[in-house]
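First comes the structure, then the notes that go with it.
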Protein chains: 2
Amino acid sequence: MSLRERKKERTRLAILDAALDLFLEQGYESTTVEQIAGAVEISPRTFFRYFTSKDHLVLWFHDHGEQLMVETLRLRPQGEPPFTALMHAVRAVLSDMEGSTEDEHQRFLKLRRILDENPQLIGQSVARGAGTERRLAELVAAHRGVDADTDQLSHLIVAFAMSAMRVGFECPRRDGSVPEITGRMAETIELAERSLRPGWDL
Amino acid sequence: MSLRERKKERTRLAILDAALDLFLEQGYESTTVEQIAGAVEISPRTFFRYFTSKDHLVLWFHDHGEQLMVETLRLRPQGEPPFTALMHAVRAVLSDMEGSTEDEHQRFLKLRRILDENPQLIGQSVARGAGTERRLAELVAAHRGVDADTDQLSHLIVAFAMSAMRVGFECPRRDGSVPEITGRMAETIELAERSLRPGWDL
DNA sequence: AACCTTTCTGTCATAGTGTGCCACAAGTCA
DNA sequence: TGACTTGTGGCACACTATGACAGAAAGGTT
């Protein structure tokens with residue numbers, strides 16, 4: 001990893017940390033890009049070279065998780081029921097989260113508090129993921145040998161899986177350590193699996 | 001209905017129609033508020049008095065449907081399983097849609113095409129509904145006699161219901177008349193109900 | 001070291017969304 | 001008609017976001 005790349009990574013994290021702290025201190029809406037840029041001593045223009053938008057700061061983790069899900073999904077065995085495969089992909093995200101550094105954990109906990117205080121941002125993350133959700137539905141449809149444009153079940157499978165993940169992330173809203181939260185997310189996933197009729201996703 | 005109110009309603013619909021047509025002609029992003037305002041001969045300032053944002057134009061129907069759902073939900077019998085009650089609320093939205101005027105149908109079909117071409121807007125509608133989804137979860141939790149903050153199942157019930165509604169709305173993506181589309185949405189709802197284990201939402 | 005190339009950064013200009021404020025016009029009612 | 005309420009337009013302003021360009025920093029070459 002070159003000096004250049006390391007510096008970029010350091011700047012990116014500095015922006016992210018400054019922003020998360022400012023959001024917690026004075027609220028998401030009340031914090032401007034100018035303030036964030038000022039806190040890390042860069043120009044506002046440079047901010048937008050690291051993050052495509054203000055929202056992007058909050059959706060950073062979401063993007064990461066989503067990418068991980070897609071990758072995991074491609075590696076699942078062909079014969080596996082689609083919903084089960086998706087649940088494994090979600091679990092891969094949980095494992096990744098548990099295995100990250102203490103700094104990452106802190107960022108995750110801060111982010112969770114910010115999302116809790118700004119419900120519209122949770123929807124924003126769905127907004128960002130809408131395209132991916134559609135792509136996932138296409139993967140599932142292909143796997144099931146049906147047409148993604150007309151098969152409702154493929155879309156429903158993905159929508160249910162993402163719902164379970166989202167509910168696990170948001171609820172319960174009590175604070176806690178990262179392992180506690182991922183533990184509860186795992187519970188929600190199992191709850192979702194138990195709620196569905198065996199073989200519904202074939 | 002006073003002259004004032006009728007005039008307001010007429011202006012609102014004029015704005016909406018002009019905007020939907022412009023979005024279809026030249027795309028959502030490429031259309032500015034100034035253009036929309038110009039097309040109905042009002043000032044941009046006045047536009048924002050009718051719609052809180054550009055997004056709001058597209059989310060207009062969503063807001064309407066959501067409001068209808070909450071109202072329906074309050075009228076459902078106490079003993080009914082929560083998910084069943086939610087499904088009835090969704091059906092109430094479908095009936096309302098089927099019972100509206102030809103103009104409303106045209107707007108709905110245009111909107112559907114716009115949403116199809118701009119996937120991020122679908123997520124936006126979820127973003128807008130995030131708060132309501134939380135409130136619905138609280139209603140469900142109260143109904144089940146549990147604490148909304150800690151009970152994951154209540155949130156999952158609402159999330160699944162909203163997923164089913166969304167999938168029904170988006171998919172299949174073929175065009176069709178309003179009754180065809182609502183018919184397919186009803187199918188998706190039934191599919192969701194069949195996919196779940198009986199008694200899962202008690 | 002001096003040099004050139006590539007990449008990053010800041011400045012400036014610009015477009016677009018959204019809001020507060022105030023004067024004025026339109027509608028409502030006595 | 002006159003008083004009152006509400007809607008409208010114009011203006012200034014804050015904020016997000018992007019394109020263009022010049023200069024600084026990093027990387028490699030001789």
Side-chain angles (χ1 to χ4, degrees), chain A residues 1-16 18-23 25-60 62-63 114 118 120-121 123-125 127-128 131, chain B residues 1-16 18-23 25-60 62-63 114 118 120-121 123-125 127-128 131:
Chain A
M1 211 182 197
S2 69
L3 179 102
R4 206 171 245 169
E5 277 171 327
R6 269 180 291 136
K7 191 184 173 184
K8 267 187 90 169
E9 199 53 27
R10 226 184 313 130
T11 307
R12 189 187 302 283
L13 290 177
I15 296 173
L16 191 56
L20 291 178
D21 287 337
L22 283 169
F23 291 163
E25 275 170 38
Q26 52 185 29
Y28 177 78
E29 289 294 340
S30 318
T31 304
T32 68
V33 171
E34 202 178 353
Q35 284 178 306
I36 299 166
V40 251
E41 294 180 319
I42 56 167
S43 74
R45 186 67 187 85
T46 299
F47 169 89
F48 285 107
R49 290 195 178 102
Y50 280 92
F51 295 92
T52 57
S53 67
K54 195 177 152 187
D55 290 351
H56 195 192
L57 284 164
V58 171
L59 305 173
W60 189 243
H62 181 272
D63 283 7
I114 292 164
N118 302 275
Q120 79 282 9
L121 289 176
Q124 290 287 349
S125 98
R128 193 172 194 83
Chain B
M1 213 182 197
S2 69
L3 179 106
R4 206 173 245 168
E5 276 171 328
R6 268 180 290 136
K7 190 182 172 185
K8 267 186 91 168
E9 198 54 27
R10 226 185 313 131
T11 308
R12 189 188 301 283
L13 290 177
I15 296 173
L16 191 56
L20 291 178
D21 287 338
L22 283 169
F23 290 162
E25 275 170 37
Q26 52 186 27
Y28 178 79
E29 288 294 340
S30 318
T31 304
T32 68
V33 171
E34 202 178 351
Q35 285 178 306
I36 299 167
V40 259
E41 295 181 319
I42 55 166
S43 72
R45 187 67 188 84
T46 299
F47 170 89
F48 286 108
R49 290 198 179 98
Y50 280 92
F51 295 91
T52 56
S53 67
K54 194 176 151 186
D55 290 351
H56 195 193
L57 284 164
V58 172
L59 304 173
W60 187 243
H62 181 273
D63 282 8
I114 293 164
N118 302 275
Q120 79 281 8
L121 289 176
Q124 290 287 350
S125 97
R128 191 170 196 83

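Sequence lines set the chain letters: A, B, ... in the order given, protein chains first and strands last, and positions in each chain run from 1.
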Nearest to side-chain heavy atoms of [X], which nucleotide of [options]:
X: A:Ser43; options: D:dA25, C:dC21, C:dG10; result: C:dG10
X: B:Thr46; options: C:dG10, D:dG9, D:dG7; result: D:dG9
X: A:Arg49; options: C:dG10, C:dT28, C:dT17; result: C:dG10

Base, sugar-phosphate, or nothing for [X], non-hydrogen atoms under 4.0 angstrom?
X: A:Thr11; result: nothing
X: B:Phe47; result: nothing
X: B:Thr31; result: sugar-phosphate
X: B:Phe51; result: nothing

- Any side-chain heavy-atom pair from A:Ile15 and A:Thr46 closer than 4.5 angstrom? no
- Query: Heavy atoms, side chains only, cut-off 4.5 Å: are B:Val58 and B:Phe51 in contact?
  - Reply: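 No, side chains not in contact.
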Between [N] ([atom2]) and [X] ([atom1]): distance, integer Å:
X: B:Arg4; N: C:dA25; atom1: CZ; atom2: P; result: 16 Å
X: B:Lys8; N: C:dT28; atom1: NZ; atom2: C1'; result: 14 Å
X: B:Glu34; N: C:dT14; atom1: CD; atom2: C1'; result: 14 Å
X: B:Leu3; N: C:dA26; atom1: CG; atom2: C1'; result: 9 Å
X: B:Glu5; N: D:dT5; atom1: CD; atom2: C1'; result: 13 Å
X: B:Gln35; N: C:dG16; atom1: CD; atom2: P; result: 8 Å
X: B:Glu29; N: C:dT17; atom1: CD; atom2: P; result: 9 Å
X: B:Arg45; N: D:dA14; atom1: CZ; atom2: C1'; result: 14 Å

- Message: Closest-nucleotide mapping onto DNA chain C: is B:Ser2 or B:Thr32 further toward the 5' terminus? I mean the 5' end.
- Response: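 The 5'-side residue here is B:Thr32.
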- Could you pick out which residue, A:Tyr50 or B:Phe48, lies toward the 5' side of DNA chain C when each is mapped onto its nearest nucleotide?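 Upstream on the strand: A:Tyr50.
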- Message: To check you understand the geometry: which heavy-atom pair defines the closest contact between B:Ala127 and A:Gln120, and what is its length?
- Response: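 Of all heavy-atom pairs spanning B:Ala127 and A:Gln120, the closest is CB-O, 3.9 Å.
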- Task: Check A:Lys54 against A:Thr31 and note the closest heavy-atom contact, atom names and distance.
- Result: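 That closest heavy-atom pairing would be NZ-O, 2.7 Å.
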- So with a 6.0 Å cut-off around CD of A:Glu34, is the heavy-atom count from everything else above 12? no
- Whichever of A:Pro44 and A:Ser30 has its nearest DNA chain D nucleotide further upstream toward 5': A:Ser30
